[in-house]
Amino acid sequence: MRVVLFLFMFGCSFMTFGQEKDFSFSLLRQEDEIEPFASKEERSFYQDLKYTPLFYDGFLSFGGSYRGQFEYFNNEEFSFSPNRENGWYLHRIFLHTDLWLNKNFRVFGELGSSLISGKEDLAPVDRDQLYVNQLFAQFISENLTITAGRENLKLGSKRLLDPREGPNVRRAFDHLSVKWMSGERSFLVFGGSPMVPRTGVFDNQDFQNQEWLWGAYISKLLTGDFSLDVYYLGSHYGSITYELGTEEELRHSLGARTWRTVGKWRYDNEAVLQFGSFGEQDILAWTISFNIKNQLNKKNQLGVKTELISGTTSENTLGTFNPLYPRGAYFGRVARFGPANLIDIHPYWNFRSGKFIMEIDYDVFWRFSTDDAVYGPPMNVVLEGESNHRFIAQQIGTIFNYEFSPFAVVELETNFIFPADYIEEVRPGAKTLLHMVITTEIRF
């Protein structure tokens with residue numbers, strides 16, 4: 001039955017729902033550009049679905065997506081377990097409606113259903129049978145946008161705030177935000193709380209997890225050839241666990257991001273300083289990251305990323321960096337390591353030809369501090385134990401992506417993680433981890 005279902009998913013990836021060459025889909029569907037359909041005098045059924053005129057210059061739009069995945073692990077925890085399921089199927093459906101009452105007032109709603117079969121040990125991001133993924137209202141003027149409600153949020157490079165597209169359940173915030181724009185420059189202030197996903201039907205929790213995030217973000221403070229973003233983020237956790245223990249946390253993050261393109265070269269660098277309190281301890285943590293790439297020609301791009309991310313080196317001060325709400329697949333869909341107490345060097349090669357994209361990358365991981373653990377993307381401790389070794393692992397990943405049309409795409413991602421000194425000491429007999437994901441997605 002699973003093989004039949006998977007073949008059906010793959011076959012669906014060849015379907016198209018029209019030939020709208022002047023339209024493309026965004027990751028967050030509230031950002032889709034609907035205007036191309038407004039100018040059509042003779043609209044097809046699909047075009048009417050995307051743009052139905054209403055009174056007072058308003059319109060109504062519908063859309064959605066289906067994403068099917070087969071995910072496979074071998075030696076998932078760097079060890080062989082004969083009683084553990086190695087492969088499972090994930091299905092995610094989004095259906096949305098976008099209502100513009102006029103040019104200034106909008107309501108966007110999106111239902112989600114995230115299901116999984118064949119896996120027993122479920123993570124919170126694996127299953128949510130039926131839920132409100134997004135539901136927000138916006139007031140929009142020439143320079144001002146006010147948003148209130150539930151929304152998938154992202155900021156800047158998305159290192160600290162991302163919708164978490166990789167896992168089966170996206171991250172959503174119940175929030176209020178105010179954004180002011182002037183030319184290319186924008187100023188955003190916001191505050192909210194992340195939705196807590198549950199596995200049932202409309203049973204997700206709001207404002208009950210003692211987690212809060214607030215902040216201000218200034219984009220393109222300097223314009224022209226040199227771009228600069230500066231920001232402040234405040235966060236509160238009622239309970240969070242590090243290698244030092246579990247306590248209440250109040251953390252402040254000050255960050256700056258610069259990026260620039262010069263000829264065939266582009267860089268995107270970022271630095272963050274964090275301070276605050278963890279129980280009765282002070283917090284002093286930081287990270288600095290570099291991403292430099294060269295567009296060799298129309299088809300080939302070479303680049304290298306590197307990050308230094310602090311960890312705890314003192315029992316009196318928490319030095320472990322908290323990435324807050326980063327993308328779940330921070331170092332690939334395998335998602336075995338998160339951006340805390342880490343040093344990594346990550347060269348990569350991208351190849352694009354027509355609708356085909358290929359990426360090959362190599363990543364090397366070390367612990368920043370030998371007194372701290374190794375963390376996963378959700379800031380859970382995944383590897384701990386006394387050791388003087390820093391060298392964690394090497395990872396080789398590949399991605400093969402083919403976009404049949406704007407409506408359908410299929411992708412294969414593989415990752416091999418080779419344990420190094422630290423893992424071999426804390427997990428005796430550690431084996432090479434293999435991870436594979438086959439994804440097909442249909443959008444309309």
Side-chain angles (χ1 to χ4, degrees), residues 27 67 69-78 86-88 90 92 119 123 125-126 154 157-160 162-171 268 270 287 289-293 301-309 323 325-352 357-367 374-380 382-383 391-402 409-420 422-423 430-441:
L27 173 65
R67 189 182 77 173
Q69 292 184 320
F70 171 70
E71 185 172 20
Y72 173 83
F73 272 99
N74 189 25
N75 303 323
E76 184 178 359
E77 302 298 333
F78 301 103
N86 290 329
W88 44 83
L90 302 104
R92 188 183 72 188
K119 185 179 181 182
V125 296
D126 284 336
K154 60 181 181 178
S157 66
K158 299 183 289 187
R159 285 189 176 95
L160 299 183
D162 181 80
R164 194 178 57 193
E165 172 61 9
N168 211 27
V169 180
R170 278 186 183 169
R171 177 185 294 118
D268 189 342
E270 193 161 358
T287 183
S289 61
F290 301 93
N291 184 1
I292 303 171
K293 54 189 174 183
Q301 183 183 86
L302 284 176
V304 60
K305 305 175 187 177
T306 183
E307 295 180 292
L308 283 78
I309 311 171
Y325 300 96
R327 52 187 180 273
Y330 202 93
F331 299 108
R333 181 69 172 80
V334 62
R336 273 298 163 267
F337 309 125
N341 188 39
L342 208 64
I343 300 172
D344 83 287
I345 299 177
H346 183 182
Y348 59 93
W349 168 51
N350 290 333
F351 172 82
R352 177 187 293 268
I357 300 173
M358 178 177 67
E359 179 173 325
I360 299 176
D361 58 64
Y362 170 67
D363 214 336
V364 189
F365 303 98
W366 297 268
R367 288 192 297 166
V374 173
Y375 298 85
M379 284 306 295
N380 58 318
V382 294
L383 290 166
F391 192 10
I392 303 170
Q394 302 176 74
Q395 178 176 314
I396 297 177
T398 64
I399 296 176
F400 302 93
N401 180 292
Y402 190 83
V409 62
V410 63
E411 181 178 277
L412 167 65
E413 178 177 349
T414 65
N415 286 282
F416 291 86
I417 301 181
F418 303 94
Y422 175 70
I423 294 180
K431 300 180 181 298
T432 298
L433 183 153
L434 165 63
H435 177 253
M436 179 182 69
V437 177
I438 303 175
T439 302
T440 182
E441 184 167 7

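For reference, positions follow the sequence shown, starting with 1.
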Going from [atom1] on [X] to [atom2] on [Y], what distance comes out if it is rounded to the nearest 0.5 angstrom?
X: N86; Y: N74; atom1: CG; atom2: CG; value: 6.0 Å
X: F290; Y: D268; atom1: CZ; atom2: CG; value: 11.5 Å
X: Q301; Y: N350; atom1: CD; atom2: CG; value: 5.0 Å
X: Y375; Y: L383; atom1: OH; atom2: CG; value: 11.5 Å
X: M358; Y: N401; atom1: CE; atom2: CG; value: 12.0 Å

What do the steps show when you test E76 against R336 for side-chain contact (heavy atoms from CB on, under 4.5 Å), and what is the final call? CA-CA 9 Å; E76 184 178 359; R336 273 298 163 267; 3.0 Å; yes
Using the test ring pair (Phe, Tyr, Trp, His ring centres under 6.0 Å), find all partners of [X] that sit at least two apart in sequence or belong to another chain.
X: Y72; result: none
X: F400; result: none
X: F337; result: F365

Please walk me through it: do I345 and W366 pass side-chain contact (heavy atoms from CB on, under 4.5 Å)? CA-CA 9 Å; I345 299 177; W366 297 268; 4.1 Å; yes
For [X] against [Y], the heavy-atom pair lying closest together:
X: M379; Y: A340; result: SD-CB, 3.7 Å
X: P326; Y: D162; result: C-CB, 3.9 Å
X: I309; Y: P339; result: CG2-O, 3.4 Å
X: T432; Y: P419; result: CA-CD, 3.9 Å
X: M436; Y: L412; result: CG-CD1, 3.6 Å

Between the main-chain N or O of [Y] and the side-chain N or O of [X], is there a donor-acceptor pair closer than 3.5 Å?
X: R67; Y: T439; answer: no
X: T287; Y: L308; answer: yes
X: R327; Y: G166; answer: no

Does NZ in K431 sit with more than 12 non-hydrogen atoms of other residues, nucleotides or ligands closer than 6.0 Å?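 Result for NZ/K431: open.
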Do S289 and R159 make a side-chain contact, defined as non-hydrogen atoms from C-beta onward lying under 4.5 Å apart?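 Sidechains of R159 and S289: in contact.
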With sequence neighbours excluded, what pairs up with [X] under the side-chain hydrogen bond (donor to acceptor under 3.5 Å, both in side chains) test?
X: K293; result: none
X: N75; result: none
X: D361; result: none
X: T398; result: T414

Would you please classify the geometry between the F351 ring and the W349 ring as parallel, tilted or perpendicular, with 30° and 60° separating the classes?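 Ring orientation, 0 to 90° scale: tilted.
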Please say which of L434, V437, N415 ends up in a side-chain contact (heavy atoms from CB on, under 4.5 Å) with V334.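 Option passing the side-chain contact (heavy atoms from CB on, under 4.5 Å) with V334: N415.
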Quick one: list whatever passes side-chain contact (heavy atoms from CB on, under 4.5 Å) with P377, sequence neighbours left out.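 side-chain contact (heavy atoms from CB on, under 4.5 Å) list for P377, sorted by chain: A335.
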Would L342 and Y330 count as a side-chain contact (heavy atoms from CB on, under 4.5 Å) here? Give the steps. CA-CA 12 Å; L342 208 64; Y330 202 93; over 6 Å; no
The test is side-chain contact (heavy atoms from CB on, under 4.5 Å); show your working for I423 and I392 and say whether it passes. CA-CA 6 Å; I423 294 180; I392 303 170; 3.8 Å; yes
Salt bridge (charged side-chain N to carboxylate O under 4.0 Å, His left out) partners for [X], two or more places apart:
X: E413; answer: none
X: E71; answer: R333
X: D126; answer: K119
X: R170; answer: E165

Cation-pi check for Y325 against R171: NZ or CZ below 6.0 Å from the six-membered ring centre and within 45 degrees of the axis, yes or no?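 That pair does not qualify as a cation-pi contact.
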Classify the side-chain pair Q395/D363 by whether it contains a donor and acceptor separated by less than 3.5 Å.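 The criterion, which ignores hydrogens and geometry beyond distance, is not satisfied for D363 and Q395.
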